[in-house]
2 protein chains.
Amino acid sequence: MKIGDLAAQSGLSPDTIRYYERIGLMPLPVRDGSGRRDYGDDTLRWVAFLEKLRDTDMPVRERLVYARLRAKGPETAPERAALLRTHRERVRERLLALQAGLDLLDAKIEGYERGEIR
Amino acid sequence: MKIGDLAAQSGLSPDTIRYYERIGLMPLPVRDGSGRRDYGDDTLRWVAFLEKLRDTDMPVRERLVYARLRAKGPETAPERAALLRTHRERVRERLLALQAGLDLLDAKIEGYERGEIR
DNA sequence: GCTTGACCCGGAGTGCGCTCCAACTCGTAG
DNA sequence: CTACGAGTTGGAGCGCACTCCGGGTCAAGC
């Protein structure tokens with residue numbers, strides 16, 4: 001799989017993929033005969049997971065920590081789990097805050113609909 | 001209320017308040033005898049509302065549109081309501097995505113706990 | 001009367017997460 | 001054989017949302 005294919009299938013741009021590689025989020029891919037990046041399906045799954053983490057607002061720095069632990073080997077599994085648990089707690093809080101915001105919006109829109117807001 | 005008091009009560013920094021004023025998010029406050037900003041409780045309520053919108057990821061640009069409509073007068077109420085409804089839809093989607101992310105985290109952490117992840 | 005601390009202003013700087021660019025090299029289709 | 005599209009690199013640039021800075025003013029407490 002070339003970078004363009006990975007980009008198409010992951011939804012990231014080639015530039016973003018190279019950027020992720022530069023900062024260490026993605027492992028250095030093998031290169032084909034003429035120096036082009038060649039990816040396997042494992043990479044696609046990894047990128048997809050990274051995107052899920054991003055979607056939950058995990059900052060790049062933290063995804064980086066996770067990536068480095070993963071690269072280090074299976075013995076880092078407990079650390080990775082701990083990292084995910086910490087992050088999960090933040091996601092839960094964010095979810096609550098967002099729900100509160102949604103409730104406020106509902107109330108505010110209600111107010112507009114009743115003509116109570118000037 | 002001086003800018004420091006408003007900052008303390010709203011949780012924003014004085015710099016952020018002045019920044020909001022510069023870009024038009026906040027109305028120009030009255031000044032006391034020596035040129036200092038003097039705020040009333042109405043401003044505190046407005047700032048609090050702005051923060052709630054921010055907490056739901058409404059971008060500054062959009063809060064600005066809302067602020068300008070509000071400043072324009074009561075006849076813009078329908079437009080403001082429409083803006084909030086559009087935003088609410090985005091918040092709902094975000095909430096779903098976040099919930100999906102949370103589910104994934106749960107599953108992943110489960111996997112780590114079962115020792116299924118290398 | 002002097003120091004202190006809060007405020008003023010305009011503008012520069014910061015951190016994040018990309019995104020774009022120029023200049024180059026390839027492999028393939030016509 | 002050549003034109004094209006997709007890839008390569010290092011580095012610059014961008015949009016967002018603040019955040020900080022320097023140099024100044026002013027009112028109140030000691």
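So you know, we letter chains A, B, ... as the sequences are listed, proteins then strands, and number each from 1.
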Practice task
Would you check if B:Lys52 and B:Thr56 make a side-chain contact, meaning some heavy-atom pair closer than 4.5 Å?
Solution key: no

Exercise for the section: Show your reasoning for whether side-chain contact (heavy atoms from CB on, under 4.5 Å) applies to B:Glu89 and B:Arg85. Expected result: CA-CA 6 Å; B:Glu89 208 39 56; B:Arg85 271 191 290 266; over 6 Å; no

Exercise for the section: Before giving the answer on side-chain contact (heavy atoms from CB on, under 4.5 Å), spell out for A:Ile117 and A:Lys108 the whole-Å C-alpha distance, their side-chain angles and the decisive distance to 0.1 Å. Expected result: CA-CA 8 Å; A:Ile117 300 183; A:Lys108 199 82 179 178; 4.0 Å; yes

Closest heavy-atom pair and its distance - [X], [Y]:
X: B:Pro59; Y: B:Arg90; value: CD-NH2, 4.3 Å
X: B:Ile17; Y: B:Tyr39; value: CG2-OH, 3.6 Å
X: A:Ala67; Y: A:Gly24; value: CB-O, 4.0 Å

Practice task
Grab the CG-P distance between B:Asp15 and C:dA12 for me, whole Å please.
Solution key: 16 Å

Exercise for the section: Taking heavy atoms of chain B and a 4.0 Å limit, find me the 5'-most and 3'-most nucleotide of DNA chain D within that range. Expected result: D:dC16 to D:dA27

Any residue in [range] with a heavy atom nearer than 4.0 angstrom to DNA chain D? Just list them by number, or reply none.
range: residues 57-65 of chain B; result: B:Pro59, B:Val60, B:Arg61, B:Arg63
range: residues 86-102 of chain B; result: none
range: residues 18-42 of chain A; result: A:Arg18, A:Arg31, A:Gly35, A:Arg36, A:Arg37

Practice task
Please report the C-alpha distance between A:Tyr20 and A:Leu12 in whole Å, then the side-chain angles of each, then the deciding distance to 0.1 Å, and finally whether the side-chain contact (heavy atoms from CB on, under 4.5 Å) criterion is met.
Solution key: CA-CA 10 Å; A:Tyr20 279 0; A:Leu12 297 176; 3.8 Å; yes

Fill in the blank from the handout: Residues passing the salt bridge (Lys or Arg N to Asp or Glu O under 4.0 Å) test with A:Arg63, sequence neighbours excluded, are none

Handout entry: N/O donor-acceptor pair under 3.5 Å between B:Ser13 side chain and B:Thr16 backbone
Key = yes

Problem - Donor-acceptor pair, side chain of B:Asp38 and main chain of B:Met1, under 3.5 angstrom - result: yes

Handout entry: Parallel, tilted or perpendicular: rings of A:Phe49 and A:Tyr66 (30°, 60°)
Key = tilted

Problem - A:Glu21/A:Arg37 under salt bridge (Lys or Arg N to Asp or Glu O under 4.0 Å): CA gap, chis, key distance, verdict - result: CA-CA 11 Å; A:Glu21 182 186 318; A:Arg37 293 168 178 82; 2.7 Å; yes

Handout entry: Candidate pair A:Asp106 and B:Arg88, rule side-chain contact (heavy atoms from CB on, under 4.5 Å), full reasoning
Key = CA-CA 8 Å; A:Asp106 283 340; B:Arg88 176 172 62 179; 2.7 Å; yes

Fill in the blank from the handout: If one requires at least 3 consecutive Watson-Crick or G-U pairs with distances under 3.5 Å, the stems of DNA chain D turn out to be C:1-30 with D:1-30

Handout entry: A:Asp41 atom CG, over 12 foreign heavy atoms within 6.0 Å
Key = no

Exercise for the section: Salt-bridge test for A:Asp15 and A:Arg18: reply yes if a basic N is under 4.0 Å from a carboxylate O, no otherwise. Expected result: yes

